[in-house]
Amino acid sequence: MRKLVFSLALALPLLSGGCIAKTAVDIVTLPVKAGGQVVDWSTTSQDESDRNYGRKMREKEAREGKERKAHEKECKKHPDKCGDYEGYRASDPG
């Protein structure tokens, strides 16, 4: 019986197909992978930054368009009070 148990214990690493070694490597590299994932979640990629900037500019341009349209409508009603557009501009930094 001892020979059978001993031979099974010796054959187990061969039968497992390197699974134990892969598990050991996974355990060792887990903190590095987790750290990399945290950095990825906490930073903004250039693609995300560009997308957010584009969305912000489209919203500003839509606001400017609405205000200009309202200004033109008011100018049609009261041409004597109409002057240059002095309202919101999407290109202004504020």
Side-chain angles (χ1 to χ4, degrees):
M1 180 72 175
R2 259 190 204 177
K3 288 183 180 183
L4 180 64
V5 172
F6 185 70
S7 63
L8 283 175
L10 287 176
L12 186 62
L14 296 174
L15 296 175
S16 67
C19 185
I20 295 171
K22 177 153 176 25
T23 303
V25 169
D26 288 344
I27 290 171
V28 170
T29 60
L30 183 66
V32 175
K33 289 180 183 178
Q37 187 65 42
V38 167
V39 169
D40 189 39
W41 286 338
S42 63
T43 59
T44 304
S45 70
Q46 187 63 44
D47 184 48
E48 289 171 317
S49 179
D50 292 345
R51 186 174 51 240
N52 293 340
Y53 178 76
R55 182 181 302 123
K56 182 177 165 184
M57 287 307 296
R58 284 190 301 277
E59 289 170 358
K60 285 183 171 188
E61 288 168 354
R63 178 180 168 192
E64 180 182 355
K66 287 178 186 176
E67 289 188 14
R68 280 186 181 271
K69 190 173 184 179
H71 179 261
E72 289 174 8
K73 188 176 182 180
E74 194 64 30
C75 282
K76 286 182 183 179
K77 286 182 183 178
H78 307 287
D80 54 328
K81 296 180 183 179
C82 188
D84 290 339
Y85 177 72
E86 300 283 333
Y88 179 80
R89 297 187 193 281
S91 60
D92 287 344

_Qualifying ring-ring contact (aromatic ring centres under 6.0 Å, His included) pairs, either residue in residues 51-70, two or more places apart_ = none
*Applying salt bridge (Lys or Arg N to Asp or Glu O under 4.0 Å), name anything that partners Glu59, two or more places apart in sequence or on another chain.*
none
*asked:* Nearest 0.5 Å, please: how far is NZ in Lys60 from CE in Met57?
replied: 6.0 Å
_Gln46: side chain to side chain donor-acceptor pair (under 3.5 Å) partners, not counting sequence neighbours_ = Asp50
_Residues that Gln37 engages under side-chain contact (heavy atoms from CB on, under 4.5 Å), provided they are two or more places apart_ = Asp40, Trp41
_Pairs touching residues 23-54 that satisfy disulfide (SG to SG under 2.5 Å), sequence neighbours left out_ = none
*Is there a donor-acceptor pair closer than 3.5 Å between any side-chain N or O of Glu67 and the backbone N or O of Tyr88?*
yes
*asked:* Applying side-chain contact (heavy atoms from CB on, under 4.5 Å), can you list everything that pairs with Arg51, at least two apart in sequence or on another chain?
replied: Asp47, Glu48, Arg55
*Restricting to pairs with a member in residues 29-88, which pass disulfide (SG to SG under 2.5 Å), not counting sequence neighbours?*
Cys75-Cys82
*Just grab all the side-chain hydrogen bond (donor to acceptor under 3.5 Å, both in side chains) pairs involving residues 68-82, residues at least two apart or on different chains.*
Glu64-Arg68
*Residues two or more places apart in sequence or in another chain: which of them pass salt bridge (Lys or Arg N to Asp or Glu O under 4.0 Å) with Arg58?*
none
